[in-house]
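The structure under discussion appears below in the form of structure tokens.
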Amino acid sequence: MNNINQIGGGICMKKIAMILLSFITITLLVAGCSSSKDIQDFSIEEIALEEAKKITSEQGYTLKSETLTESDIMIGDSKVFDFIKEASIEGGYSKDDFNSITEDRKIVGYELEEKSKIDEPIMLCMVIDKGKVIGAYLDYSGYMPGIVSIDFKDNFK
């Protein structure tokens with residue numbers, strides 16, 4: 001009788017251990033998945049900043065801050081998308097990258113030190129898709145349309 005209790009107790013302990021191990025595994029999996037988005041966002045910020053620094057050095061602009069000023073999801077079926085695509089292609093980015101744009105697309109922007117002729121901010125914006133910058137443009141506040149190529153300086157002060 002004592003041996004039967006020991007065997008039953010051993011099986012019960014194994015079940016508890018398996019349940020506990022399963023719970024810990026699921027918890028770690030969920031925690032790992034939720035933190036991967038933060039890692040992805042961080043790399044998007046790094047990718048954008050690297051491209052922004054490249055553009056500013058080539059064009060003679062100055063970033064007001066190395067911290068993102070704005071960030072948004074890009075919608076590919078809007079009139080604004082057409083302006084962004086045209087300005088990016090004019091600025092030297094590939095049309096093919098825009099033709100195969102995915103749901104991972106994001107727009108991030110940095111305010112420039114430079115101001116427009118009407119003393120409004122100018123944003124340097126990058127289009128990022130699948131961890132790669134596929135486009136960039138300037139966004140002039142107060143102008144219609146305000147989206148222009150990265151080398152368009154006609155509205156600078």
Side-chain angles (χ1 to χ4, degrees), residues 18-157:
M18 289 301 288
I19 291 170
L20 186 59
L21 184 60
S22 296
F23 176 75
I24 291 171
T25 303
I26 290 170
T27 303
L28 290 174
L29 181 64
V30 169
C33 289
S34 66
S35 67
S36 68
K37 184 178 180 350
D38 297 335
I39 292 168
Q40 181 183 359
D41 285 347
F42 181 70
S43 68
I44 285 173
E45 289 179 19
E46 284 182 346
I47 292 165
L49 182 58
E50 187 176 313
E51 187 75 3
K53 286 179 177 180
K54 177 182 154 211
I55 292 169
T56 54
S57 73
E58 290 173 356
Q59 298 296 329
Y61 306 141
T62 306
L63 293 178
K64 190 169 188 174
S65 168
E66 291 188 1
T67 304
L68 289 176
T69 307
E70 61 183 38
S71 179
D72 204 355
I73 304 296
M74 182 174 195
I75 300 170
D77 60 353
S78 67
K79 204 61 161 154
V80 174
F81 174 80
D82 293 335
F83 286 125
I84 291 170
K85 181 179 177 180
E86 288 173 26
S88 293
I89 293 167
E90 189 178 318
Y93 291 88
S94 170
K95 180 179 184 177
D96 293 338
D97 285 337
F98 275 90
N99 291 338
S100 62
I101 200 165
T102 69
E103 295 301 317
D104 296 330
R105 60 193 170 230
K106 195 168 190 176
I107 296 178
V108 294
Y110 296 90
E111 187 173 348
L112 297 177
E113 286 285 341
E114 293 76 14
K115 296 281 186 190
S116 70
K117 288 180 182 177
I118 59 173
D119 205 33
E120 291 291 325
I122 302 170
M123 299 292 295
L124 172 60
C125 300
M126 269 77 50
V127 180
I128 300 174
D129 189 39
K130 292 207 174 245
K132 170 183 163 186
V133 176
I134 64 164
Y137 61 93
L138 295 177
D139 186 355
Y140 283 84
S141 294
Y143 286 84
M144 288 306 252
I147 297 171
V148 295
S149 173
I150 55 174
D151 59 358
F152 184 83
K153 298 176 183 167
D154 292 355
N155 293 334
F156 273 40
K157 226 180 196 183

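These figures come from a predicted structure and were not determined experimentally. Just so you know, residue 1 is the first one in the sequence shown, and it goes up from there.
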How many angstroms lie between atom OG of S149 and atom CZ of F83, to the nearest 0.5 angstrom?
-> 14.5 Å
Between the CG atom in L124 and the CG atom in L112, the distance rounded to the nearest 0.5 Å is 5.5 Å
Heavy atoms from other residues, nucleotides or ligands near CD of E50 exceed 12 (cutoff 6.0 Å) = no
Atom OH in Y93, atom OH in Y137: separation rounded to 0.5 Å?
-> 12.0 Å
Y110 and side chain to side chain contact (heavy atoms under 4.5 Å, CB included): which partner among M123, M126, E51?
-> M126
Quick one: OG on S141 to CD1 on I122, what's the gap to the nearest 0.5 Å?
-> 8.5 Å
Out of L63, I150, T62, which one pairs with T56 under the side chain to side chain contact (heavy atoms under 4.5 Å, CB included) rule?
-> L63
Nearest-0.5 Å distance that lies between atom CD1 in I84 and atom SG in C125 = 7.5 Å
Main-chain N/O of S116 paired with Y140 side-chain donor or acceptor, under 3.5 Å = no
If you measure from OG on S88 to CZ on F81, what distance do you get to the nearest 0.5 Å?
-> 9.0 Å
Any ion pair linking K64 and E114 (charged N to carboxylate O, less than 4.0 Å)?
-> no
Carefully, step by step, assess K85 and N99 under the rule side chain to side chain contact (heavy atoms under 4.5 Å, CB included).
-> CA-CA 9 Å; K85 181 179 177 180; N99 291 338; 3.0 Å; yes
Just do the side chain to side chain contact (heavy atoms under 4.5 Å, CB included) check on K53 and E66 with the steps written out, would you?
-> CA-CA 9 Å; K53 286 179 177 180; E66 291 188 1; 3.2 Å; yes
